[in-house]
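The residues of the chain are indexed from 1 along the displayed sequence. For ligands, and for the atoms within them, numbers begin at 1 and follow the listed sequence. The figures that follow rest on heavy atoms only: side chains count, while hydrogens, waters and symmetry mates do not.
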Amino acid sequence: MKFNPADRIQDLQYFGEFGGVNPSISDSSTYTFLSAKTMFDTFEGNADGCYLYSRHSSPSNLYLGEALAAMEGTETANVAASGMGAITPVLLQLCGAGDHIVSSRTIYGGTYAFLKNFTPKLGIETNFVDITKLAIVEKAITKNTKVLYCESVSNPLLEVADIKGLSALAKKYNLKLVVDNTFSPLSISPAKLGADVVCHSLTKFINGSSDTVGGVVCGTQEFINDLRNVNDGASMLLGSTMDSLRAASVLKNMRTLHIRMKQHSYNANYLADKFEKDGLKTVYPGLASHPSHKLFKSMMNKEYGFGGMLTIDVGSLEKANELMELMQHNNLGYLAVSLGFYKTLFSAPGSSTSSEIPEDEQKEMGLSDGLIRFSIGLDNNIERTYQMMKTCMKQVGVL
Ligand SMILES: *Cc1c(COP(=O)(O)O)cnc(C)c1O
């Protein structure tokens with residue numbers, strides 16, 4: 001049977017300690033041992049199923065991790081306190097002084113800043129390339145390269161990575177392919193397409209209620225064990241651990257992820273279609289005009305659609321700001337960064353989430369001043385929303 005991420009989540013069954021329909025929340029930072037010998041074995045990593053200390057692992061975090069591993073089709077997963085708290089240990093685990101990373105140039109601003117400004121201090125260098133051009137990616141690989149890094153659908157330009165093609169390159173040069181799948185949970189399953197490690201910011205669609213930050217790394221048991229190793233594991237030692245109460249809360253929100261993703265995708269597709277027909281410069285992977293529309297189609301788990309993110313270019317930052325303020329005033333969404341909320345969120349990435357990227361580089365990658373990034377919400381009547389947005393666009397002279 002074809003891999004279906006939501007079915008796999010549904011097939012997991014957890015009960016609470018007293019027969020509760022939700023797993024019990026384990027609210028402890030430390031755990032007792034019946035014998036000193038078991039404590040020693042646990043430290044050595046030889047006592048499966050025993051808990052030691054909650055920075056290492058905790059039952060609630062393992063439950064959430066297993067649900068996310070089921071979704072991505074990896075052996076296991078490790079949750080973290082934030083998306084950055086998941087991504088940065090992965091890169092530091094895989095690379096040390098003298099190593100090299102080839103990364104997509106259109107990635108989340110925080111990840112970009114980490115690779116551009118922070119890891120060079122540790123002797124790790126990164127080349128940023130146009131990830132949609134495999135020949136350019138291959139050319140950037142050196143004898144020191146350890147990692148290929150990309151987002152399946154990039155932030156904010158919605159470029160689509162050819163995960164199968166990148167995976168073939170990773171195998172050829174013995175590299176690890178690390179994919180941030182934050183923009184396309186359920187829609188794309190990177191590990192099934194050959195990614196070695198899949199990361200998410202749970203802060204976005206997966207939790208979906210904009211009430212916490214969180215992250216996850218999905219991968220092989222061996223790699224996750226490495227991250228958690230008490231002696232040299234980057235997740236264990238850098239300490240970006242999710243709290244148990246929050247892990248339990250995120251797991252409950254995950255129960256509706258498939259329903260939400262379908263609605264986000266439906267609404268975004270509807271608006272993108274209309275905006276494009278109205279003559280607005282619109283980018284959405286579901287549009288036939290998107291340069292990677294066919295590629296996305298070839299990779300996707302069809303029923304979850306092309307995702308909830310779209311961009312339009314209204315020409316200038318002034319117009320973008322005017323339009324966003326007016327839409328917020330009319331309760332069509334919030335002028336806010338982040339994504340995956342029930343309500344539409346919009347921001348101008350050039351001056352917000354991607355402001356870490358220098359202006360000349362923004363230009364080169366096609367990130368223009370007038371770009372507005374939308375995370376389309378779960379609106380019940382998207383035709384009504386469209387009409388109201390159109391009125392705003394006419395009022396500010398964008399249409
Ligand atoms: C938000 C985001 C991150 C960072 O996640 P946090 O939870 O904010 O730390 C990483 N990658 C992408 C694509 C994101 O959108």
*Asks:* Would you kindly check if the NZ (Lys) or CZ (Arg) of K262 is within the cone defined by 45 degrees around the ring axis of Y266 and under 6.0 Å from the six-membered ring centre?
*Replies:*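 That pair does not qualify as a cation-pi contact.
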
*Asks:* Would you say the rings of H293 and F306 are close, in the sense that their centroids are separated by under 6.0 Å?
*Replies:* yes

*Asks:* Would you say I87 touches ligand 1, if touching means a heavy atom closer than 4.0 Å?
*Replies:*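 Right, I87 reaches ligand 1.
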
*Asks:* When you look at D278 and K274, which way does the salt bridge (Lys or Arg N to Asp or Glu O under 4.0 Å) test go after all the steps?
*Replies:* CA-CA 6 Å; D278 288 337; K274 294 281 189 190; over 6 Å; no

*Asks:* Among protein heavy atoms, which sits nearest to atom 2 (C) of ligand 1, and what does the distance come to when rounded to 0.1 Å?
*Replies:*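 Heavy-atom neighbour on the protein nearest atom 2 (C) of ligand 1: K204 NZ, 2.5 Å.
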
*Asks:* Run the contact test for S338 against ligand 1 with a 4.0 Å cut-off on heavy atoms, strictly below, and give the result.
*Replies:* no

*Asks:* Does any part of the side chain of E125, heavy atoms only, come nearer than 4.5 Å to the side chain of N144, both counted from C-beta?
*Replies:*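 Not touching, per the 4.5 Å side-chain cut-off.
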
*Asks:* Under a 3.5 Å distance rule, please check whether D369 uses its side chain to pair with a backbone N or O of G350 as donor and acceptor.
*Replies:* no

*Asks:* Verify whether one side chain among Q10 and H258 offers a donor that lies under 3.5 Å from an acceptor in the other.
*Replies:*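 No - no donor-acceptor pair under 3.5 Å links their side chains.
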
*Asks:* Taking the minimum heavy-atom distance to atom 13 (C) of ligand 1, which of T111, D180, N207, T88 ranks first?
*Replies:*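 Result: the heavy atom closest to atom 13 (C) of ligand 1 is in D180.
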
*Asks:* Around atom 4 (C) of ligand 1, find the nearest protein heavy atom and jot down its residue, atom name and distance.
*Replies:* Y108 CE2, 3.4 Å

*Asks:* With heavy atoms of T203 as the reference, note each atom of ligand 1 found under 4.0 Å away.
*Replies:*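 Listed by number with element, the hits are 6 (P), 7 (O).
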
*Asks:* Within ligand 1, which atoms have a heavy atom of G214 less than 4.0 Å away?
*Replies:* 7 (O)

*Asks:* For atom 9 (O) of ligand 1, what's the nearest protein heavy atom and its distance?
*Replies:* M84 N, 2.8 Å

*Asks:* Could you list the atoms of ligand 1 found under 4.0 angstrom from a heavy atom of F183?
*Replies:*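 The list of qualifying atoms is 13 (C), 15 (O).
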
*Asks:* Which atoms of ligand 1 sit under 4.0 Å from any heavy atom of G83?
*Replies:* 5 (O), 6 (P), 7 (O), 9 (O)

*Asks:* Check each atom of ligand 1 against the heavy atoms of E151 and keep those under 4.0 Å away; list them by number with element.
*Replies:*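 With E151 as reference, the close atoms of ligand 1 come out as 13 (C).
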
*Asks:* Relative to Y108, does K204 satisfy both conditions: NZ or CZ under 6.0 angstrom from the six-membered ring centre, and within 45 degrees of the ring's axis?
*Replies:* yes

*Asks:* Between the side chain of H290 and the main-chain N/O of V283, is any donor-acceptor distance below 3.5 Å?
*Replies:*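 Not confirmed, H290 side chain does not pair with V283 backbone.
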
